Amino acid sequence: MMNVGNPFRRAAIFGASGGIGAALATRLAESGVEVWAGSRSGTAADPALRAFRFDLSDEASIAAAAGAMADAPPDLVVVASGVLTLADGSGPERSCKQIDGAAMDEVFRLNTIGPALVAKHVLPLLPRDRRSVFAALSARVGSIGDNRIGGWHSYRASKAALNMLLKNFAIELGRTHKQAIVAGLHPGTVDSALSEPFQANLPAGQLTRPADAADNLLNVIDGLTVADSGGVFDWKGEAVPA
């Protein structure tokens, strides 16, 4: 379980219907945190969660969600959404010959632009008088320095762009919110819809349950300091190269 020595008062999970997002919402609620749980349906199975609707492709829905939180703003925000395989079944490209402009546009819209719009509307809500965290799920394959095998062009590039945005947000937010932290989180390979098409070839023991992944990430979040703001960290708390 997460370390609750320095608990948050309220959390907002954008993508609380996915495997990791749902587990994060549950763990936080269990620790006494008031949780805003966002999904495209705007519903939550757990009545303890404050459900809200949002769509990463619809900025108005994100703005409306942030507006609803204004009177009870979060001090922890996690964007727990993302896409690797598109709804039509097309997966990450293994060769540049497979790049499709429309598919790449959709991957960037969901993995990069959507989280940026969440930040646009939610970062101003974070408290200025105490610690707060804005985190987004990233991926080790978004690291330029760690890239050794290539491929997965749209996914890699969308996560690399997300990481740059997180660094930008950290610099900007740090000017007004001295205790705020912005970070990317690499959860490892989690048993979720995102990883399902690629699980068959995984070595034994490499797949993590969503509940365990949530515990790992919350422990990482709990240990972040202002000096870490703008970085990307894996599920063990180790920095991922830029």
Side-chain angles (χ1 to χ4, degrees), residues 1-16 18 20-38 49-50 52 54 62 65-66 69-70 72-82 114-139 142 159 162-188 213-240 242:
M1 291 291 290
M2 65 177 289
N3 179 355
V4 293
N6 183 22
F8 295 96
R9 300 178 186 179
R10 299 185 188 91
I13 309 298
F14 285 78
I20 297 175
L24 285 169
T26 297
R27 286 295 198 242
L28 286 163
E30 289 173 348
S31 70
V33 178
E34 183 179 341
V35 179
W36 292 88
L49 305 177
R50 301 182 65 172
F52 68 91
F54 84 103
I62 296 170
M69 298 175 193
D75 45 13
L76 169 63
V77 178
V78 181
V79 182
S81 57
L117 292 174
V118 174
K120 172 185 175 180
H121 292 283
V122 173
L123 290 182
L125 300 179
L126 296 179
R128 299 192 182 202
D129 61 344
R130 64 182 187 276
R131 183 177 184 268
S132 61
V133 176
F134 177 92
L137 294 189
S138 186
K159 291 298 187 179
L162 172 64
N163 295 347
M164 176 60 80
L165 286 169
L166 294 172
K167 179 65 174 181
N168 281 353
F169 298 152
I171 294 170
E172 181 176 348
L173 191 65
R175 297 175 183 139
T176 55
H177 294 64
K178 301 302 182 183
Q179 300 181 60
I181 300 164
V182 178
L185 301 174
H186 168 58
D215 287 342
N216 293 336
L217 295 180
L218 289 170
N219 280 322
V220 172
I221 289 171
D222 195 54
L224 293 175
T225 69
V226 172
D228 297 317
S229 193
V232 179
F233 301 89
D234 69 12
W235 59 274
K236 295 177 289 186
E238 298 178 356
V240 175

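Source: prediction; values computed, not measured.
Across every non-hydrogen atom of S229 and A180, the tightest pair is OG-O, 4.0 Å. Contact between P127 and P74 at its shortest, heavy atoms only, is CD-O, 3.7 Å. N163 and G142 make their closest contact through ND2-O, 3.8 Å (heavy atoms, listed as atom of the first residue, atom of the second, distance). Taking every heavy atom of both residues into account, A66 and V122 meet most closely at CB-CG2, 4.3 Å. Heavy-atom minimum distance, A80 versus L24: CB-CD1, 4.4 Å. Among all heavy-atom pairs drawn from D228 and G223, the shortest one is OD2-O, 4.2 Å.
Using a 4.5 Å heavy-atom threshold, the side chains of L185 and S138 count as separate. Contact of the V220 side chain with the W235 side chain is not registered, since no non-hydrogen atoms from C-beta on lie closer than 4.5 Å. Within the 4.5 Å cutoff, the side chain of V35 has no heavy atoms near those of the R10 side chain. Looking only at side-chain heavy atoms (C-beta outward), V78 and F134 stay at 4.5 Å or farther from each other. Residues Q179 and S132 fail the side-chain proximity criterion, which asks for heavy atoms closer than 4.5 Å. Using a 4.5 Å heavy-atom threshold, the side chains of N216 and K236 count as separate. Using a 4.5 Å heavy-atom cutoff, the side chains of F169 and L123 are in contact. Proximity of W36 to L49: side-chain heavy atoms (C-beta onward) are nowhere separated by under 4.5 Å.
No salt bridge links R9 with E34; every basic N to acidic carboxylate O contact stays at or beyond 4.0 Å. In this structure, D75 does not pair ionically with R131, as no charged nitrogen and carboxylate oxygen lie closer than 4.0 Å.
Summarising the geometry, atom CG belonging to L166 is positioned 9.5 Å from atom NZ belonging to K159; distances are rounded to the nearest 0.5 Å. A distance of 10.5 Å separates NE2 of H177 from CZ of R130, quoted to the nearest 0.5 Å. A distance of 10.5 Å separates CG in L76 from CD1 in I181, rounded to the nearest 0.5 Å. Once rounded to the nearest 0.5 Å, the distance linking CD1 of I13 with CZ of R50 reads 14.0 Å. We find the OG-CG distance between S81 and L137 to be 7.5 Å, quoted to the nearest 0.5 Å. Atom CD1 in I221 sits 7.5 Å away from atom CG in L28 (nearest 0.5 Å).
Panel note: side chain D222, backbone L218; no donor-acceptor pair is recorded below 3.5 Å.
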**OP:** Would you sort out whether L173 and L126 count as a side chain to side chain contact (heavy atoms under 4.5 Å, CB included), showing the intermediate values?
**Re:** CA-CA 10 Å; L173 191 65; L126 296 179; 3.9 Å; yes

**OP:** Apply the test side chain to side chain contact (heavy atoms under 4.5 Å, CB included) to residues V240 and F233: give CA-CA distance (whole Å), side-chain angles for both, the deciding distance (0.1 Å), then the verdict.
**Re:** CA-CA 5 Å; V240 175; F233 301 89; 5.8 Å; no

**OP:** Would you sort out whether R27 and D215 count as a side chain to side chain contact (heavy atoms under 4.5 Å, CB included), showing the intermediate values?
**Re:** CA-CA 7 Å; R27 286 295 198 242; D215 287 342; 2.6 Å; yes

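Taking the six-membered ring for Trp and the full ring otherwise, the centers of F52 and F14 sit less than 6.0 Å from each other.
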